[in-house]
Participant: 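Once you've had a glance at the structure underneath, I'll fire off some questions.
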Amino acid sequence: DIAAARIDVPAFFQTLSNRDRRVAEKLAAGESTSTVAKLFKLSCARISQLRRELCAAWHRFHGDDHLAAAVMA
């Protein structure tokens, strides 16, 4: 699992816009929604939306379209 993550995470991040990649990196590092919102001058609600969008994109990246759809439902 660790070896796969070392390959998959950077490949996934390359599919994201620069801003979304930076947001994802901060969230993955454990930063709170409010901290990330302040860093990027976005609302907490928008960071929460992005978190859900990133989760769906991760599932799509792995070919799990049904899980991606469930996340966005």
Participant: Please assess I47 against L27 for the test side chain to side chain contact (heavy atoms under 4.5 Å, CB included), listing each intermediate value before the final yes or no.
Facilitator: CA-CA 9 Å; I47 295 299; L27 292 170; 4.2 Å; yes
Participant: Starting from the C-alpha separation in whole Å, work towards a yes-or-no answer on side chain to side chain contact (heavy atoms under 4.5 Å, CB included) for L50 and V36.
Facilitator: CA-CA 11 Å; L50 281 171; V36 176; over 6 Å; no
Participant: To check you understand the geometry: which heavy-atom pair defines the closest contact between C44 and A37, and what is its length?
Facilitator: N-CB, 3.8 Å
Participant: Would you say the side chain of L54 lies within less than 4.5 Å of the side chain of L16, judging by non-hydrogen atoms?
Facilitator: yes
Participant: Quick check for you: to the nearest 0.5 Å, what is the distance between K38 atom NZ and S32 atom OG?
Facilitator: 7.5 Å
Participant: For the SG atom of C55 and the NE2 atom of H59, what is their distance to the nearest 0.5 Å?
Facilitator: 3.5 Å
Participant: Measure the spacing between OG1 of T33 and CG of L42 and express it to the nearest 0.5 Å.
Facilitator: 11.5 Å
Participant: Run D65 and R60 through side chain to side chain contact (heavy atoms under 4.5 Å, CB included) and show every step you take.
Facilitator: CA-CA 5 Å; D65 293 335; R60 280 191 303 276; 3.5 Å; yes
Participant: Can you tell me how far apart CZ (F40) and CZ (R22) are? Round to the nearest 0.5 Å.
Facilitator: 4.5 Å
Participant: Could you walk me through whether R21 and Q14 pass the side chain to side chain contact (heavy atoms under 4.5 Å, CB included) test, one step at a time?
Facilitator: CA-CA 8 Å; R21 178 185 47 78; Q14 287 180 356; over 6 Å; no
Participant: Can a side-chain donor-acceptor contact be found between R46 and Q49 if the only test is distance below 3.5 angstrom?
Facilitator: yes
Participant: Indicate the ring-plane relationship of H62 and W58, choosing parallel, tilted or perpendicular according to the 30° and 60° boundaries.
Facilitator: perpendicular
Participant: Can you find a pair of side-chain heavy atoms, one from T15 and one from F12, that are under 4.5 Å apart?
Facilitator: yes
